[in-house]
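Remarks on the structure that follows.
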Amino acid sequence: METVVSGIRPTGNLHLGNYFGAVKNFVKMQHENNCFFFIADYHSLTTHPTPENLHDSVKQVLVEYLASGLDPEKAIIYLQSDVPEVVELYLLLNMNAYLGELERCTSFKEKVRKQPENVNAGLLTYPTLMAADVIIHKASKVPVGKDQEQNLEMMRTFARRFNRMYKTDLFPIPKAYNFENELVKIPGLDGSGKMGKSEGEDNAIFLADEPDVIRKKVMRAITDNGPTEMNQIKQEPIENLFTLMNVVSSTDTFEYFNDKYNTCEIRYGEMKKQLAEDIIKFNQPILDKIKELSTDVDFLRKVTTEGAEKARESAIKTLEEARKIIGFKAF
Ligand code: TRP
């Protein structure tokens, strides 16, 4: 079994795009690997959340991952800030992380451009904290999306550099976790591109959305004037609705509307109504679970306390080794 580590950004509610992307893969991965999943709450301080917002978003994301099937019996689930050993390793790695290479990171440069009023040292050293997150458990694999590839490269650099500097093989060099199944890209409702909340509230269906909200959003989804020729190629907004339908509806339903489209008899209103009901049906068990877990603070406390214990056990071991290698010794 391989050791896999991944951080979860505590930002906002999960939508169907997240669910069919990272979340589903995490749920699958936990059965086949020794998984550590943590909520990256230290990292989120770079944007200065208020204490209430910080706690609420950590809770929300924890609840939604658990509701989606992340299982504390299978994976070690914890809050990053419950494992202070990570911070010590972060400090140690920072001694060998150079200003130039950190400044050259794309995500750092982007932040400098987008929020010039808040370019703090935490942002600059975001990649060293990420490296500490992963190598503290001697992980060999990290599931990363496209936007995190450079951060993975930095982790590899810092792990290698430590090993080379101290002539040790303490840290395995982590690799990207490759998902065998091609990820399904879930489109948004605004006619183009992926589902994402930055494209506007109505573009995404959130796991925490009530049925009424889902109905309203789907009925407002962008369509076109309808096909005028048999078997006409679908425009992106229509293709997107079919992609969503393909994920949540039965094959019969999909085929029914696809035939209607091909024979120019489709009524988008009817299709959207069906799509909305199928999304609602698909999401209902997750929504119920979200509601149940949100009020079950005892359970959340148990999950995070036990997760932190297991994560610290692993972290303390690695950190003790690192300290010894570096030369910290008692008199
Ligand atoms: N930076 C990641 C993100 O924005 C979250 C993260 C923090 C992470 N530490 C990590 C991911 C370690 C993988 C491994 O999504």
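In each ligand, atom 1 is the first atom listed, and ligand 1 is the first ligand listed. Counting from 1, the numbers follow the sequence of the chain as shown. Computed over heavy atoms, backbone and side chain alike; hydrogens, waters and symmetry mates excluded.
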Show your working on side chain to side chain contact (heavy atoms under 4.5 Å, CB included) between Asn96 and Phe158 and close with a plain yes or no. CA-CA 8 Å; Asn96 301 303; Phe158 297 136; over 6 Å; no
Residue pair Tyr268 / Tyr261, side-chain heavy-atom distance below 4.5 Å: yes
Taking side chain as C-beta onward, heavy atoms only, is Asn120 less than 4.5 Å from Thr46?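 Yes - at least one pair of side-chain heavy atoms lies under 4.5 Å apart.
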Check: Phe37 ring centre within less than 6.0 Å of Phe26 ring centre: yes
Ring centres of Phe282 and Tyr19 under 6.0 Å apart?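 Yes, they do, as the ring centres are separated by less than 6.0 Å.
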By the side chain to side chain donor-acceptor pair (under 3.5 Å) test, which pairs, at least two apart or in different chains, include something from residues 300-310?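 Pairs touching residues 300-310 that pass the test: Asp298-Arg301.
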Those protein residues which place at least one heavy atom below 4.0 Å from ligand 1: Ser6, Gly7, Arg9, Phe38, Ala40, His43, Tyr126, Met130, Asp133, Val134, Val142, Gln148, Met155
